[in-house]
Amino acid sequence: ERLRAKQSIDIALWTRHDAALKGFLASGLPPRQIDFNRRSTVAREQLDRVKTDKYSAELVGTIGADPSLIVNS
């Protein structure tokens with residue numbers, strides 16, 4: 001249960017990161033010295049990774065996360 005909680009929390013985290021970066025890129029503001037396109041790509045890659053069963057297997061042996069930390073939106 002703790003491993004499923006950890007995976008759910010990580011999915012929510014990378015979903016928020018991806019949405020924030022997409023929002024910034026869509027705003028038309030100049031990215032200055034930060035490569036937001038690359039960061040957005042990395043966020044999507046991490047989101048895809050944490051959604052997999054392979055990621056669940058990577059969590060075996062870790063403490064996971066407290067299931068009460070999962071926030072339902």
Side-chain angles (χ1 to χ4, degrees):
E1 188 177 350
R2 291 182 65 87
L3 300 183
R4 283 192 302 274
K6 172 67 172 146
Q7 186 175 23
S8 293
I9 290 167
D10 288 349
I11 288 170
L13 171 71
W14 286 106
T15 299
R16 285 191 312 273
H17 287 332
D18 185 44
L21 287 162
K22 284 178 182 174
F24 182 83
L25 289 169
S27 73
L29 295 173
R32 308 232 188 264
Q33 297 175 344
I34 300 172
D35 186 353
F36 282 96
N37 287 315
R38 176 68 187 132
R39 287 183 182 216
S40 183
T41 299
V42 169
R44 282 191 305 274
E45 289 170 353
Q46 289 299 317
L47 178 56
D48 290 343
R49 183 179 76 88
V50 300
K51 286 182 173 182
T52 66
D53 290 336
K54 182 178 177 188
Y55 182 71
S56 296
E58 290 177 29
L59 294 175
V60 172
T62 69
I63 195 168
D66 184 347
S68 69
L69 296 176
I70 297 174
V71 178
N72 295 323
S73 31

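With contacts defined as side-chain heavy-atom distances shorter than 4.5 Å, the pair Asp35/Arg39 does not qualify.
Partners of Asp66 under the side-chain hydrogen bond (donor to acceptor under 3.5 Å, both in side chains) rule, at least two apart in sequence or in another chain, are Ser68. Not counting sequence neighbours, the partners of Lys22 by the side-chain hydrogen bond (donor to acceptor under 3.5 Å, both in side chains) test are Asp18. For Ser40, the side-chain hydrogen bond (donor to acceptor under 3.5 Å, both in side chains) partners are Arg44, not counting sequence neighbours. Residues passing the salt bridge (Lys or Arg N to Asp or Glu O under 4.0 Å) test with Arg49 are Glu58, sequence neighbours excluded. With sequence neighbours excluded, no residue forms a side-chain contact (heavy atoms from CB on, under 4.5 Å) with Asp48. Under the rule for a side-chain hydrogen bond (donor to acceptor under 3.5 Å, both in side chains), Arg38 has no partner lying at least two apart in sequence or in another chain.
Other residues sharing the hydrophobic cluster of Leu13, ordered by chain and number and joined by side-chain separations under 4.5 Å: Leu3, Ile11, Trp14, Leu47, Val50, Tyr55, Leu59, Val60.
Checking side-chain atoms of Gln7 against main-chain N and O of Thr52 turns up a donor-acceptor pair under 3.5 Å.
Between Pro67 and Ala5 the shortest heavy-atom distance is CA-CB, 3.7 Å.
Pairs passing the salt bridge (charged side-chain N to carboxylate O under 4.0 Å, His left out) check and including a residue from residues 5-14, sequence neighbours excluded, read Lys6-Asp10.
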